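Structure first, commentary second.
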Amino acid sequence: MDLASGARIGPGKVAVLEEIARSGSISAAGRALHISYRRTWELVEDLNASLGAPVVQAAAGGRRGGGASLTELGQAVVSRYRAIERDCVEAARRHLTVLQRAVRAQRGE
């Protein structure tokens with residue numbers, strides 16, 4: 001989905017945010033999604049830049065390790081994206097039902 005600001009949000013970026021929220025780590029999110037740390041960070045940075053505010057708050061590593069969590073904006077991106085998906089599925093359901101009836105009618109069922 002493209003926002004008026006030019007931000008592009010899709011399933012890959014949302015999956016990264018969800019995995020960061022779950023694991024508390026950017027590197028663990030990348031490993032879980034089978035993408036490199038660099039690519040994971042690039043996706044986060046793209047969202048940060050295009051939205052004009054951070055979606056992930058990262059703590060520097062150290063002896064106890066770093067960590068990452070979603071900001072309020074990051075949480076909003078995930079929840080609104082998933083809500084849009086649900087709304088689209090519901091909106092499409094009626095059309096898909098009509099289409100399925102047309103297919104059956106064409107087959108003579």
Side-chain angles (χ1 to χ4, degrees):
M1 118 177 79
D2 297 336
L3 301 180
S5 67
R8 300 187 80 179
I9 302 170
K13 289 177 182 173
V14 171
V16 165
L17 293 179
E18 288 173 327
E19 194 56 39
I20 289 170
R22 189 193 69 71
S23 68
S25 165
I26 294 169
S27 59
R31 285 191 302 273
L33 297 168
H34 306 288
I35 57 177
S36 69
Y37 174 84
R38 181 172 186 249
R39 181 65 182 143
T40 306
W41 187 247
E42 286 172 349
L43 293 170
V44 170
E45 282 297 307
D46 182 65
L47 282 170
N48 290 344
S50 62
L51 295 173
V55 293
V56 172
Q57 181 175 0
R63 187 180 347 177
R64 294 173 51 197
S69 60
L70 299 188
T71 62
E72 282 188 40
L73 178 59
Q75 293 171 9
V77 167
V78 171
S79 66
R80 293 292 93 206
Y81 183 86
R82 293 303 182 202
I84 290 166
E85 277 188 328
R86 286 189 302 275
D87 290 349
C88 288
V89 167
E90 188 58 37
R93 190 178 326 266
R94 181 176 57 95
H95 298 290
L96 293 172
T97 299
V98 171
L99 182 57
Q100 186 62 39
R101 285 184 194 135
V103 168
R104 286 185 185 139
Q106 184 66 34
R107 290 182 185 163
E109 293 177 17

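Model, not experiment: these values are computed from the prediction.
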Worksheet entry | Heavy-atom side-chain contact between Thr71 and Val56 under 4.5 Å | no

Worksheet item: Is the shortest heavy-atom distance from the side chain of Leu47 to the side chain of Leu73 under 4.5 Å?
Response: no

Can you tell me how far the [atom1] atom of [X] sits from the [atom2] atom of [Y], to the nearest 0.5 Å?
| X | Y | atom1 | atom2 | answer |
| --- | --- | --- | --- | --- |
| Arg101 | Arg104 | CZ | CZ | 8.5 Å |
| Leu17 | Ser69 | CG | OG | 11.5 Å |
| Met1 | Cys88 | CE | SG | 8.5 Å |

For a quick test of reading the model, state the closest non-hydrogen atom pair linking [X] to [Y] and the distance between them.
| X | Y | answer |
| --- | --- | --- |
| Ser36 | Arg39 | OG-N, 2.9 Å |
| Glu19 | Ala29 | CG-CA, 3.4 Å |
| Tyr81 | Gly10 | OH-C, 3.6 Å |
| Thr40 | Gly30 | OG1-CA, 3.2 Å |
| Ala68 | Ile20 | CB-CG2, 3.9 Å |
| Arg8 | Asp46 | O-OD2, 4.5 Å |

Around [X], counting heavy atoms of other residues, nucleotides and ligands shown, do more than 12 lie under 6.0 Å from its [atom1]?
| X | atom1 | answer |
| --- | --- | --- |
| Arg80 | CZ | no |
| Gln57 | CD | no |
| Gln100 | CD | yes |

Worksheet item: Side chains of Ser23 and Ser25: do they bring a donor and an acceptor to under 3.5 Å?
Response: no

Discussion item. Do the side chains of Arg38 and Glu42 get close enough for a salt bridge, i.e. N-O under 4.0 angstrom?
Written reply: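 Salt bridge flag = yes for Glu42 with Arg38.
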
